[in-house]
Amino acid sequence: MANETQTTAYRFDTQKVRAGYEPKDHNYAVSPPIYQTTSYDFRDVEHAKNLFSFSEIGNLYTRVGNPTVAVLEERVKTLDGAAAAIALASGMAAISYTLLNLAEGGGRILTSPYLYGGSADSFKKIYPKLGVQFDYAKNILGPEKLAEEITPDTKAIFVESISNPNTVLLDLDAIAKVAHAHGIPLVVDNTVATPYLYNPIAHGADIVIYSATKGLNGHGNLIAGLVLESGRFNWQTEKFPQFSEKYYTLRDKGGNLRSFPEVFPDAPFTCRIRFNYLNYFGAALSPFDAYLAIIGLETLSERLAKQVHSAATLAEYLSAHEAVEWVRYPSLKASASHALYERDWEKGAGGILSFGFKGTQEQRETFLNSLQLFHYHVNIGDTRSLIVNSPQTTHGELEADEKAVADIPENLIRISTGLEDVADLIADLEQAFVEAKK
Ligand SMILES: *Cc1c(COP(=O)(O)O)cnc(C)c1O
């Protein structure tokens, strides 16, 4: 019969439209219903007792769990081959809950200089006040020396699989080995890649983060995030005393206090986020936005494949253009990431590329003002093609020396390809280059 998606080992494209949802469990509705409810009735007093002692898993209150949100969690979990997933109200909530879950009470995170602007900015402004410090690795591109940068207080390595806006690729297999040799997890923000292009867990990641706002949903119509865990990392060590801590809220029916790994042996990291951070800090994803993300995911492969093709085509076009100083896109032979691209990225390296505009600041601004088809704003992974001057906008919070370390020159322009005909995109760029030259 048609509906046994969970139990069989279907391939990626089948799972992206089917995993995590059985119509027979939802009145045979083909499209997942939106469970627009705050709370859920207990059957009886025994049921309430069971839910509160975690001896039965079920819905209690939509802040910590909702059936529509659960479909999204199950689906992305399946696509990534993860042990568990939790959906949250934004990518930033996914990053902050992850980092606090790792380093609450104080600790260091070893990170990459090639990061989303919001991450880099929050690492500087917010976390140090909460006792979490960041070290920007000097050897992230040459991981054989990365071990020297791990201190006794380092709680994790945090990187992006494809960086935004630079499209720097990293050797995650090598970085994961260094992390694991030191008893710390590798955390990977896989937002730009999406599970279609890259599977961080297969390359050694322990925690995977998404902003579902971007390519995962892909329609530029919601804000959402996810955290996934591989289920392979041992959290019950001296480095992570919070995972051995026993809680009154996790007591069994006999009243014995228990730790997260005791109650949730397959999902201690995401369950600790759910019942501590999501429960008490409250960045819950709405059922409606979860529904939109589920629908967006149904076309993930088709969208990404076209966006990759358009990005590679634009990269070739721009590389040959007289008004372009350089182009960054991993499929180009000149790219510093080309060798890793050839090794790990058989479906392509995403829909983001950047180039250096050759000309004055005034010409660069005329170029941007002259574009008619490209949207000019700060998102990525949309169905519509987007262009932005990152150093002055998305990465505008970085100071000059930080931009130098992050390798974001002042004349950088970032493109995120949508689903338009690439010939129309090239024609739009061409007429804007002509305007800028006048
Ligand atoms: C956008 C983005 C985020 C933040 O996600 P929001 O959903 O906007 O909160 C985090 N990481 C990367 C790589 C991003 O592009």
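All residue numbers refer to positions in the sequence shown, counting from 1. Atoms within a ligand are numbered from 1 in the order they appear, just like the ligands themselves. The figures here come from the full heavy-atom set of this structure, side chains too, leaving out hydrogens, waters and symmetry mates.
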Which protein N or O atoms sit under 3.5 Å from any N or O of ligand 1? Give atom names and distances.
residue	atom	partner	partner atom	Å
ligand 1	5 (O)	S211	OG	3.0
ligand 1	7 (O)	G91	N	2.9
ligand 1	7 (O)	S211	OG	2.8
ligand 1	7 (O)	T213	OG1	2.6
ligand 1	9 (O)	G91	N	3.1
ligand 1	9 (O)	M92	N	2.9
ligand 1	11 (N)	D189	OD2	2.7
ligand 1	15 (O)	K214	NZ	2.7

* To do: Please confirm whether R328 makes a cation-pi placement over W326, using NZ or CZ under 6.0 Å from the six-membered ring centre and within 45° of the ring normal.
  => yes

* Structure fact -> residues 280-306 vs salt bridge (charged side-chain N to carboxylate O under 4.0 Å, His left out), sequence neighbours excluded, gives K16-E302

* Quick one: does L353's side chain get under 4.5 Å of P165's, heavy atoms only? -> no

* Asked: Does L332 offer a backbone N or O that forms a donor-acceptor pair with the side chain of H338 under 3.5 Å?
  -> yes

* **Pair listing, salt bridge (charged side-chain N to carboxylate O under 4.0 Å, His left out) test, anchored in residues 96-105, at least two apart** => E104-R272

* Sequence-distant partners of P32, side-chain contact (heavy atoms from CB on, under 4.5 Å), two or more places apart -> Y21, V71, I294

